[in-house]
Structures are given as C-alpha cells and as structure tokens.
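Just so it is clear, the values below take in all heavy atoms, side chains as well, and ignore hydrogens, waters and symmetry mates. By convention in this document, chain letters (A, B, ...) are assigned in the order of the sequence lines, proteins followed by strands, and residues within each chain are numbered from 1.
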Amino acid sequence: MLDKSYEAAAVEPRIYDAWEKAGAFKAGAGAKTGAETYTIVIPPPNVTGSLHIGHALNNTLQDILVRFNRMKGKDVLWQPGMDHAGIATQMVVERQMMERQEPDRHVIGREKFVEKVWSWKAESGGLIINQLKRLGFSCDWSRERFTMDEGLSRAVVKVFVELYRKGLIYKDKRLVNWDPKLRTAISDVEVLQVETKGHLWHFKYPIEGEPGRLITVATTRPETMLGDTGVAVNPNDERYKDLVGKHVILPLVGRRIRIVADDYADPETGSGAVKITPAHDFNDFEVGRRHDLPMINILDTEAKIVLRPNPDFVKGVPYSVEIEDTINALNGLDRFAARKLVVDMLVERGLVEKIEEHVHAVPHGDRGGVAIEPFLTEQWYVDAKTLARPAIASVREGRTVFVPQSWEKTYFEWMENIQPWCVSRQLWWGHQIPAWYGPDEKVFVASSEEEARAEARTHYGRDVALSRDEDVLDTWFSSALWPFSTLGWPDKTPELALYYPTNALVTGFDIIFYWVARMMMMSLHFMGKEPFRDVYMHALVRDEKGAKMSKSKGNVIDPLELVDEYGADALRFTLAAMAAQGRDIKLSTNRVEGYRNFATKLWNAARFAEHYECQAVEGFDPATATETLNRWIATEASRATREVTEAIEAYRFNEAAAAAYRFVWNLTCDWYLELTKPVLAGEDGAAKDETRATVAWLMGRIVALLHPFMPFITEELWPRFGGRKLLALSAWPQPGFEDEAAAAEINWLVGAISEIRSVRSEMNVPASAMVPLSVSGASELTRARLATHDVVLRRLARIESVGIGAESLKGAVQLHVGEATFSLPLGSVIDLTAERARLTKELDRVAKEIAKIDAKLTNAQFLAKAPAEVVDEQMERRAEAVALREKMDAGLRRLAAS
RNA sequence: GGGCGGUUAGCUCAGUUGGUAGAGCGCCACGUUUACACCGUGGAUGUCGGGAGUUCGAGCCUCUCACCGCCCACCA
C-alpha cells in the first residue's frame, strides 16, 4: 500500500543508497559493451564550497542529460571532482588559524602550512559532495578527482614544462594586477571594474627654469604623483609645443621629470597634459617605455608608500619640500591615507587648481574585494594568443557549438583580444611552479628537481645549489586541464581513449573566460581534439533585483532548505522548468511549491492505479488495445514521449519539463484517469482488464519520462509498474503507436464534456443536479460516439439521460458541439435573462471572428499571396463560425418566443 | 565608449521556421465525484514598453526612442 502522501525526506536517502549500492552511476553502468559513450565532466566545485542555487541548477541540468542518456543505453560517464581553489582555500585556513589564535602562516612556514591545508581538506573540505548527492546527482563518485591529487598534479607539471619548452610559457617583468590584500598577482579575468564615486584632482606642476609658469595635470589617484617620471602632451597641441623636452620639478619630491610628446595625451581631455607614472598605471607604463622614462615603484606589496631618497632630487626649489620631509610624512602610509595627505600638502602650497566630482571604474580584485594596484613585478605568463588561435577556429568551424549560439560572439570577442595570461600566484596552496634557479638566477624548468639539477649540471658544468620558484599556479591553470586530466592524462588510460572528447559541457556564462576558453585552449593543444562538442550556457540564478546571489549581500536562497521543505525532486523540476535559454532566473518558492504539488499528483495517480488494481501485464502492447480510450492515451503518450525526448536533445529543458507536466496532469490525471473510472468500476471484464493493463503501462511510461527530472519519486514508484531493475538503468521510452481516429474521438468527448460543464456553471446549475440532455442534428459518427461514451459523458457532465432527437428542445439552453446541437432543458432552473446574455455574448464573439476572417478573405492580396493551406484554413474556420452563428440566432429567437 | 539581453495577464515567466496570445501562482464562484483539498469544476484579466517600417498578415523581422539589467574597455 502506498502511503497517503509522499514523504520525500524519508524516501530520498533510501533511494540514493540503492543507486549507489547497485553501482548505477558507475561509468558504463547498464550499457552493453561497445555502446556509444556519453561524457560530461562536472564543473568542479571549490573544495571550500557549499551548495548554492547555482550548483543546484547547473548539476540538475547535467543530471537530466546524464540520466536521459544512460536510459538510452549509452555508456555514460559523469566525471565528478573538486577544485583546490587556491586563494579561497588559503583564506579559509588562515582565517581558521586566526580564530584559533594560532601563529600565522609566516611563522610556521610553508611546509607546515600546506600540511594544515591538507588536514583541513580531510576534515572539513568537500562537504559539497554530500550536498550534491542530496539532490540526486548521478556522478560516478568512484572516479572523483581533485585538482591537487597526484595524477592531476602530474598533468599540471607536464603541461607547464611542455609549454615552457615551446616558448608558450615565459617569465616577464611588467605591470600586473596586484591584489594588496592577498598580496599576490591576479589575472585580468579576476579583475572587476567597479563604478566608484571619486574625484578628479587638477594639480599644477612648476616648469623648470621658467619661474611662475605651471602646467596643469589631472589625476584620480593623487598619491601616484610621487612616482611620476614624466608629463605627456600631444605632439600637435600648440599650447605646449614649446615645453616638449623641457622639465618639470615634481612638487613635494623635487624630481626633475621630462615633458614628452605622445599621442596618448588627448588635447580635448582636461588640460591636455597628463602626468606619467609608469610603475603604477598600465597606460603610463606604455608611454614610459616609448620615451624611456624611469619606472619608480612607490608602493610595497601591501600598497603602502615606500619612497626612497635619491641624490638626483633637486633641493630647495619653489613649491617643494625637502624630500626627507616628504618621506617622513608619507612612508608607511596606506595608499588611501597617502592620497589625502598628498592632496593636503599640495593644497597648502597652492598647487591644486580644482577638485571635481568624478565617477569612474576602479578595478577591484574578484576574491579580495579591494582595489587592485598595477604593480611592477616579474611573473609567469602563458602565451594565450597563440593557444587561442585553434580554439577560435574550433568554434568558428562548428566543431564545438555554443548553446545558445549567441555566446559565441562573446567568446570570439574575448579570444580575439586575449592578453597574456598571468599564471603565477604568490600563495602557498596550489601547484608550485616547477622552476628552479641557479646562482645567477638562470632558470631551469623541469618535471622534477632531479631533472632540473641535471640540466643545471650540464649548464654550469658542476653541481650547484638550486632554489625552487616560490610561486604557485593560478587555480584555473589546473582547471583548464580538467576534461583530460581527470581521465588519466598524461597516462594513456582506457578511460581517456573511451570518454574523451566529452559530449557536453554545462556551465554558467560567468566562467566562460575563466574556464571554458582555457579548457578549449589547453585541450586542443595537448589532446588535439576539442574537449566537448556542445557547450550549454545556462542562466545565472539571481535575486529579485537581478543581482548575483552572494553571501555578502545576504540574498542567497539555500537549495538545501528547499530540499528539506519540498523535496529534491520538486526543486530539480522547478529549476528545469525555469531553465529557458535566457540569461537569468529569478527563483521563487511558489514555483517550487507548485512542483512539489506535481509530485504529489503523480503519487496520487499511482495510488489510483493501486486502488483499481492496475498491474503491469508482461509484454503488454497498447497497440493491441481495442478500447478507444486506451488507444487514445497511448497515442498521447507517444506524442508526449517525442516532445520530451526532442526537447532534452535540444537542451530545451523547460519545454521538456512542460511537456511532461502537461501530459501527466492535464491529460492523464484530468481526463484519462477520470474517463477510466466507469470502466474500472464496471462489469465488462475484458475492457476492465485491458484498461488496467493500460493504466499500469501508462504509469510506467510516465515515471520513466519524468525520471531525469524527478529521479527519487519515479524510482520509488517504478517497481509498481513492472520495473524489475532500477529505473535509473531502465530503457528510455520510444514513441510508437498512434491512432488518429481514437485521438479525434476522445478529443470530441472531452470537448463535449467541457462545453456542458461550462454552460452548467454559467447557468448556475448546482453540481448536484442531474440534467437531461437532448442532441439534435447529430451525424452518424456523433451518434455512435454518444452511444459508446454514454456512461462516461453522463458521469462527468452530470447528465441524467441522453436523448437523440430531430429538433432541439424549446426553452432549453443550447450549445454546439461540432455539427450537433446539445440542448439542456434546465426548466425552472434556467434564468432566461442570463441565458439571453450568455448567447448574446457568444454571438458577439463569433461575429467578431467572422468579421476578422472576412477582412482577410476579401483582401485580394491575401488570397493572392498567402499559402493555399492558410487560405483554406480561414475558409473552413469561417464556415464553422457562420454555422455556429446561425444556430445561435435560432436559439435566441426560440428563447424570445418562449 | 563597445557588446549582449530584457520590457507579454495582479506576480514570476514561457512563446525557434511571421498565420486564431499561454503556464504556474494569485483572484472570483461552485464543490456532485472515496487517487488526490499539496484537490476538482468553471470564470475574469493582456493597445505583447512607445513610435515607424517590411509583409496579404508582426509578440515574433527591420529601424528608432524610452526604461531596466549584465558583460567588456587604457581615457588622465
């Protein structure tokens, strides 16, 4: 006996356990040998992560694809794993150490710290895996990988060394995006532009040798003036022509800096003269390079001022202070404090022309959340431009396809303007760069220290002490290898041969640059084949304002709370139903509740089957059914199967969900099960048996169609409808038998019942009242149908008796079903005024429709240009409407007479 | 500054080859029917953001305007 209601919380863990025990998620489970493969690699969640709604959506869609393909008999691998998340993890562990008042990492040293991170991972990392299981995701957990595990680390080293040897990885000294909070370099994609209200300060710099002459420059970052080494003006700017080549004495500092002519200076902007700080601004860096200006770094790694005295500073010039005083005032100050003070000092000397309000984009570190600092350091770079070339071609030539396709434009835009990828990070947690330095800083990149030593020996002709590069690699460096490193590369494993390339990548568009593009680059270079055929980009789940959900904003919806309240199936179905190929999803608990109700509806349909003893009949084929009703639902089931299948294959998850929902609720429950009741409760043994078998067959089909969306409840019900092995490993339904005539007949019946119900309700006929029905003008077919479905029609439309007559009854309510007129003599119940109003309203509607069609049909252009079938359709519709109008006219006349 | 998306029923959103505007929730009325009140039956509600154009025909195509959002970008 099924419980009165479905208790997701009790069922879900049990079912998941059964799947795992049966090894249902193992690669190739349930597939015949040699079956076509289907592979998805999971976007690896951070080891520090906990499940948020984005994971829920992302993995629900993958699980739908995976379960669907597994049921189709393919050899499926859903490869799971986690990302070591360099910065995030290091931050978590450092925070924990601080809370426990333990000595910080610099005190205990690198080795001890890394050990601590590993033990943190063992204890509290990877909680997300269990959370993923709660949603029913069918990854092959036996193959779980971690970006820092031995195999993947080997892949990372091999990739680094090979790219280095090909010149595709190199070391360079240039400006990087520096995060002063985390004290590490970060890559371009980790920089977010944040609109910030600030000021534009206009400073006046004195010209050397021309007492009283000043040149105005503007800046949003006054403190950087301490590092100015030039002033640029446009070569065509008449105002400053005579100044080019002359010098400015930098206030506060006393540095002699050159005035250079450079196109970078825009005469239209500000004064047309611009200060140049090559060590702290990307543009200025370029200008400085062009004019060979010195690069003076005035900040330390925490972005505090470090000014060094220099014999070149000019002393005792107007507006200046002695450099020692400036150093005393500013050194050690945070950049923002220094900003204030520099302005104050310049104001004091009358060198501030004006201060304007100014809104501009300030680059911020994605992780650290503070303004990044362009900072002059030596870092490792990947030549992304070279690697991008084949990755662009793959998409251009359709070997990898983005869904929706519009994302290709974004991909191309970025890939074609790609910059060198800074991959070194000044952290301890991550893959340490396999580079060793000799006494003269000569670098040896090798797979191991031994190898590096051997190379050094060859180079120096003797053994020397080597020191290893302290830096680790960007986490995304190892993520970029994910589609092949997880399959065993660089070893030639059977899995690699079998499951690479993968079929689909399902991911949010927010990591298209971080991850998708880089996997394309690395996979093409090392595997020679695209890592995936389709890239499905789903929406981001946002809050009601369209903002990204984040902990700091406090606008997160916890998917696990929704699971607790409504069940995993309900949440999954909701996410699938909302996953239209758009850009964002705003999740509402109302929807989840609605789909929880859907699960309950399904449950109750199963209870219906149980109640009427509908058991699966071995080998039952609905094509052999003789009852029209059963032939009809089999037809509809075939159609629904086709719809759901095609929608999933086209990544139209919402359409697949909607088709399944409609079929289950609006066809099966609303009509089919209701229509079977008289049969199931009746005396006709043969019809009853066939219908029972059909109900059971239908429920089996429904449960199978819903399984990718709602795996738990469907697996729970499956054994009741003939499933012997787990539903997760059973066959996906095929569309098949369809009977148009049966479909037409039942659709007519459904229409007739609906019409009668509608009129009854509008005429305020009490539901309890049984009413006689008289039918006139019925064709042979209609008469036959009336006879066949007599019992059902009377039951569902609350009809006492059905009479067939030549004429419609007087003083009765008229309605029109096809060619026939149905009369309901409502006698005293009927309100003549109400009936007249009803008919008039209907008539009005019909008249309008006729007018609309006539407008088309009298239009010569329409007749000439519209396709014949459209014209025919309009003519048919008009004929029907006109017939209806005549009948209604007659009805109204009769009403007036009575 | 460039690019992309959105604007459809009170709310949240569907609507792919241009051919009678849909769903869920909410709302109103009524509940005969032992699968289901997490339900059933019926009902109301839309100048499909504004304007122009293409077309026999536009929610859908083109242009334009308005507002909202996102991404990218070196303007001091």
Heavy atoms only, 4.0 Å cut-off, all strands: where does [X] land among base, sugar-phosphate and nothing?
X: A:K275; answer: nothing
X: A:T600; answer: base
X: A:E610; answer: nothing
X: A:A769; answer: nothing
X: A:E655; answer: base
X: A:D266; answer: base
X: A:K677; answer: base
X: A:Y612; answer: sugar-phosphate
X: A:H202; answer: nothing
X: A:Y595; answer: nothing
X: A:T269; answer: base
X: A:W201; answer: nothing
X: A:R757; answer: sugar-phosphate
X: A:R795; answer: sugar-phosphate

**Item:** Most 5' of A:T219 and A:M578 on RNA chain B, judged by nearest nucleotide
**Value:**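 Counting from the 5' end, the first nearest nucleotide belongs to A:M578.
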
**Position toward the 5' end of RNA chain B (nearest nucleotide), A:S768 or A:A232** =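 On the 5' side of the pair lies A:S768.
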
**Request:** Starting from the C-alpha separation in whole Å, work towards a yes-or-no answer on side-chain hydrogen bond (donor to acceptor under 3.5 Å, both in side chains) for A:Y264 and A:N234.
**Result:** CA-CA 7 Å; A:Y264 169 66; A:N234 193 282; over 6 Å; no

**Request:** Report the nucleotide, chosen from B:G19, B:G3, B:U20, that has the shortest atom-to-atom distance to any side-chain atom of A:P867.
**Result:** B:G19

Are more than 12 heavy atoms, taken from residues, nucleotides or ligands other than [X], located less than 6.0 Å from that residue's [atom1] atom?
X: A:E416; atom1: CD; answer: yes
X: A:M770; atom1: CE; answer: yes
X: A:Q193; atom1: CD; answer: yes

Regarding [N], can its base be found pairing with the side chain of [X] as donor and acceptor, where the two atoms are less than 3.5 Å apart?
X: A:R652; N: B:U16; value: yes
X: A:K601; N: B:C36; value: yes
X: A:R596; N: B:C38; value: yes
X: A:E674; N: B:A35; value: yes

**Asked** Across all strands shown, which nucleotide pairs with B:G1 by Watson-Crick or G-U wobble geometry, both distances under 3.5 Å?
**Response** B:C72

**Item:** Phosphate contact (B:C11 OP1 or OP2) by A:S588 side-chain N/O below 4.0 Å
**Value:**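 A:S588 to B:C11 OP1/OP2: no side-chain N or O under 4.0 Å.
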
**Request:** Could you give the distance separating B:U62 and B:C70 at their C1' atoms, to the nearest angstrom?
**Result:** 25 Å

**Prompt:** In whole Å, what separates the P atom of B:G69 from that of B:C28?
**Reply:** 34 Å

**Request:** Please confirm whether the backbone N or O of A:K688 pairs with a side-chain atom of A:R692, one donor and one acceptor, at under 3.5 Å?
**Result:** no

**Request:** Measure the distance from CG on A:N417 to C1' on B:G2 and round it to the nearest whole Å.
**Result:** 11 Å

**Request:** Sort out for me which residue in A:V679, A:T676, A:I753 forms a side chain to side chain contact (heavy atoms under 4.5 Å, CB included) with A:V792.
**Result:** A:I753

